[in-house]
There are 4 protein chains.
Amino acid sequence: MNQRLSTDRRVGETVDVRPTPRGRKRDPSRDAAILEAALDVLAEVGASGITMDLVAERAGAGKGTIYRRWPSKAELIVDAVAYLVRNQVDVEHLPDTGSLRGDLLGLFKPDAMVESTRLLNVMRAFASLLADDHALADAGSAAIVGPWADAHLLFMQRAVARGEVSASADIGTVSQILPSMAAYRTLIQQKPFTEEFMLSIMDGVIMPALGIYAAIAPTKSTGV
Amino acid sequence: MNQRLSTDRRVGETVDVRPTPRGRKRDPSRDAAILEAALDVLAEVGASGITMDLVAERAGAGKGTIYRRWPSKAELIVDAVAYLVRNQVDVEHLPDTGSLRGDLLGLFKPDAMVESTRLLNVMRAFASLLADDHALADAGSAAIVGPWADAHLLFMQRAVARGEVSASADIGTVSQILPSMAAYRTLIQQKPFTEEFMLSIMDGVIMPALGIYAAIAPTKSTGV
Amino acid sequence: MNQRLSTDRRVGETVDVRPTPRGRKRDPSRDAAILEAALDVLAEVGASGITMDLVAERAGAGKGTIYRRWPSKAELIVDAVAYLVRNQVDVEHLPDTGSLRGDLLGLFKPDAMVESTRLLNVMRAFASLLADDHALADAGSAAIVGPWADAHLLFMQRAVARGEVSASADIGTVSQILPSMAAYRTLIQQKPFTEEFMLSIMDGVIMPALGIYAAIAPTKSTGV
Amino acid sequence: MNQRLSTDRRVGETVDVRPTPRGRKRDPSRDAAILEAALDVLAEVGASGITMDLVAERAGAGKGTIYRRWPSKAELIVDAVAYLVRNQVDVEHLPDTGSLRGDLLGLFKPDAMVESTRLLNVMRAFASLLADDHALADAGSAAIVGPWADAHLLFMQRAVARGEVSASADIGTVSQILPSMAAYRTLIQQKPFTEEFMLSIMDGVIMPALGIYAAIAPTKSTGV
DNA sequence: GCCTAACCGAGACGGTACGTCCGGTCTTTTT
DNA sequence: AAAAAGACCGGACGTACCGTCTCGGTTAGGC
């Protein structure tokens, strides 16, 4: 969590009361090395096999160096997942295809995101930790599902603005459907997040719920 | 998983090659005692605090007796959850209220299901284990969400039959929305499954997706 | 210990109040089978490796059958050792060679007694149990060393009678030297009971202590 | 056995190839604490009652710390006994009383050696373990009996030098009589090592075997 | 020729110690 | 002062084994 904590620094204050740091400075390269090592180990031995000693050895770091940065194994893994997702998803530049369906389809790149064993194993460990540690559940879950839900909401707000969707639709709720079902399928059911599944939700639920009955042939049910 | 194994018996074969079991029989009362003890311990000390010694002591059983039945702590807890759900849900007699919305509302009794600390803690442990053990994920998840999804599907088939819902609606997919989102909210997000949340999904997603725009005032978005 | 217990029967009483035993009789062949199995297992896996289940399996017996006869593993092994020694040593017919030294030498047959791995392993287990179980120490030890000490004493009494040894010699103590040192060497030191060692004791201790300085060249010290 | 291993260091070699040890050093105080705890537990609960968890708790140590030093319970106890004997016996300054009998009598202080429950229980455990573990038997046994036998031999060599004992006597063998019979009596027979027993051996065996018939009234036989 | 008690082999049971592993902390040396 | 290495405490894991018990089946008397 040091990343977050490090952003807590209030800049621009008149006086910084903290004394000048003495002695050797923290080596910033260790953070990334440890996070990468954690992700590697997760992908190799799985959620139940990960060990702090293993991570330390892989990172070429001492356990003290890890515990100076993260207070527990759980928080290290949460940060590692956040680190992974940060580098994976790019919610910043959202292309405008002109239709809601096109926008949503453009958001997901199944190849990069889902088929990676690395990402899948990380997700499993993540779910495991959330269930173990009540305090992390909310923050951790939001860090993963949040960005996608935000993007969905933005797309739907655009669709309302251009008249594609009625203003009375509950887009706040609908925007959460696909992200949370994708998370459930990946984390709990351990099934791959296929395009077929995505299209079922899209055309069987989201489009009808928003009153969009385009000239699209309805897809079959996935039969989960 | 011994329950499942017992169903492996092939009946009706000409010759049963298995020899008569010799020695003392397994005491079936130990199964229930151990499962109950596991659920008790889970509810008391939580998912991360459960211990085989604790379960054994609570059950008045030796550890050998537990490990003779389940090969690991993970599988014991999965069976304990299945045992709990079996005794908790009663999907057998489904009242017919005449409308899909009424049927679905009648299915959920939030008090019994959600407010129970026992059930909630059990679910947390369950999610933790599913993420650990790939092989258990599918079966375990299905055992929990499955019955509810089946009930939803049945209600929607009735609604189609009575003309309330169009035959072209993808009820196979829609029937999974609420169960899986409820599971996600409970297991991963650790948030309570409130009536407000349920109504958001119901009136903001399911009803519109099935083309039912009744004279019901739409509820506010939950803002997850 | 059933052998000993069975001799507890008081015969000659006026009335035997014990009712006629009903039901199936104990199968006497099981006693020997179990004792032999115990000795086999001891010789194969050693003192620390012996297990009641192993003995039962080897004997083709149930554990209940064993525990009906002996109250504990310790007592079974003590009896097994006694059984072995009973069949091994024949203190009954003691040949009279005319000289004490000849009598004593004739008593020991190193080949049969000492080089047997079976006997050695049994002895190790025996020592282990004696040290564990205070109550067995005296009886067990006497059962092994006793017969030899008795034979030694008898030979020395003969020697006193024929004038070979002075009547003032403490033959009660001297007769215990060789048996107990042999036991110590075998049980504790785990060294073989060689003829060389025996002759050292004989000619370096026993003969001089009894005042017999025959025309025998003194052997070298063993240098334990 | 780490004590012994530490003596394996070859000194005087041109180059010491072993690199500087890195990381935290082993805490030498833990060795003593664990050995003392083992001896305490032995004296309190006996040989069959000792437990590694008990030793760890008593020493305030983790089990890992114990198993990092000794590979098994057996070897820990052997080392504990060696540690006890090292601190118990003081064979260094042997008083010269002028007569062999006086020297030998002066060596034994029955109070310190025998009446101590602590020492006795330790010895029982020791015998039990020796019988279990062949590899330990010789070294362990020598560590206990050795020092006493050495002292006896020294006394007898003095006696030969001063003409009290004939040069042809096999003092190498005779010097082992009392130590090994004392060990046998204590370890196997579990009987106390009384002064009466000692005098029987002394005056009934050792003195006559060495040709010393002093003006001492012969004691009665012990009748083991 | 049954009836019934005690036997038998097999193996499940409660309890407990084993030796291993790992989370989080502390110590030593080097940078 | 931070870093790498690794020892340290505490405690859970899954295995093994003791002595007891239960199961179905066998072997005797006694009726």
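The chains referred to below are lettered A, B, ... by the order of the sequence lines, with proteins before strands, and numbering in each begins at 1. Values below: all heavy atoms of this structure, side chains included; hydrogens, waters and symmetry mates excluded.
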State whether A:T65 places a side-chain N or O below 4.0 Å from either non-bridging phosphate oxygen (OP1 or OP2) of F:dA4.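 Yes, such a contact exists.
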Would one find a side-chain N or O of D:R68 under 4.0 angstrom from OP1 or OP2 of F:dC8?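 Answer yes for this pair, as a side-chain N or O of D:R68 is under 4.0 Å from OP1 or OP2.
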From the set [options], return the single nucleotide nearest to any side-chain atom of [X].
| X | options | value |
| --- | --- | --- |
| A:D27 | F:dC9, F:dA3, E:dC8 | F:dA3 |
| B:T51 | E:dG24, E:dG14, F:dA12 | F:dA12 |
| C:R24 | E:dG14, F:dC8, E:dC7 | E:dC7 |
| B:S72 | F:dC18, F:dC13, F:dG14 | F:dG14 |
| A:R26 | F:dC13, E:dT25, F:dA3 | F:dA3 |
| A:M52 | E:dG23, E:dT20, F:dC18 | E:dG23 |
| A:R69 | F:dC8, F:dA3, F:dC13 | F:dA3 |

query = When the nearest nucleotide of DNA chain E is assigned to C:E57 and to D:G23 on a heavy-atom basis, which residue is associated with the more 5' position?
reply =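 Final value for this comparison: C:E57.
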[X] near the nucleic acid: base, sugar-phosphate alone, or nothing, with a heavy-atom cut-off under 4.0 Å?
| X | result |
| --- | --- |
| A:R30 | sugar-phosphate |
| D:I66 | nothing |
| C:K73 | sugar-phosphate |
| C:I50 | sugar-phosphate |

Q. Judged by atom type as modelled, is there a donor-acceptor pair below 3.5 Å linking the side chain of B:R26 to the main-chain atoms of B:R69?
A.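 Not confirmed, B:R26 side chain does not pair with B:R69 backbone.
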- Item | Exam field: side chain C:K63 to backbone C:V55, donor-acceptor pair closer than 3.5 Å |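 Pair absent, no side-chain N/O of C:K63 close to backbone of C:V55.
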Worksheet entry | First encountered from the 5' end of DNA chain F, between B:K25 and A:A56 |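 Looking at the nearest nucleotide for each, A:A56 comes out on the 5' side.
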On DNA chain F, compare the nucleotides closest to A:G64 and C:G49; which residue's is nearer the 5' end?
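It is A:G64 whose nearest nucleotide is closer to the 5' end.
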Checklist entry - When you check the side-chain N and O atoms of C:S29 and C:D27, is any donor under 3.5 Å from an acceptor? => result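 Yes, side-chain donor-acceptor contact under 3.5 Å.
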| message | Rounded at 0.5 Å granularity, tell me how far CD1 in A:I34 sits from CD in A:E36. | response |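 Taking CD1 in A:I34 and CD in A:E36, the distance rounds to 11.5 Å.
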Rounded to the nearest 0.5 Å, what separation is found between the CG atom of B:L39 and the CD1 atom of B:I50?
->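 Between B:L39 CG and B:I50 CD1, I get 8.0 Å after rounding to 0.5 Å.
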What integer distance in Å separates [X]:[atom1] from [N]:[atom2]?
| X | N | atom1 | atom2 | value |
| --- | --- | --- | --- | --- |
| B:R58 | E:dG15 | CZ | C1' | 18 Å |
| C:I77 | F:dC17 | CD1 | P | 14 Å |
| D:Y67 | F:dG11 | OH | P | 17 Å |
| C:D53 | F:dA16 | CG | P | 11 Å |
| D:W70 | E:dC18 | CH2 | C1' | 18 Å |
| B:L54 | F:dG11 | CG | P | 13 Å |

Item to complete: Establish whether the base of F:dG10 is bridged to the side chain of D:K63 by a donor-acceptor pair shorter than 3.5 Å.
Response: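 Flag unset: no donor-acceptor pair detected.
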query = What pairs with C:E44 under salt bridge (charged side-chain N to carboxylate O under 4.0 Å, His left out), at least two apart in sequence or on another chain?
reply =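 For C:E44, the residues satisfying salt bridge (charged side-chain N to carboxylate O under 4.0 Å, His left out) (neighbours in sequence not counted) are C:R58.
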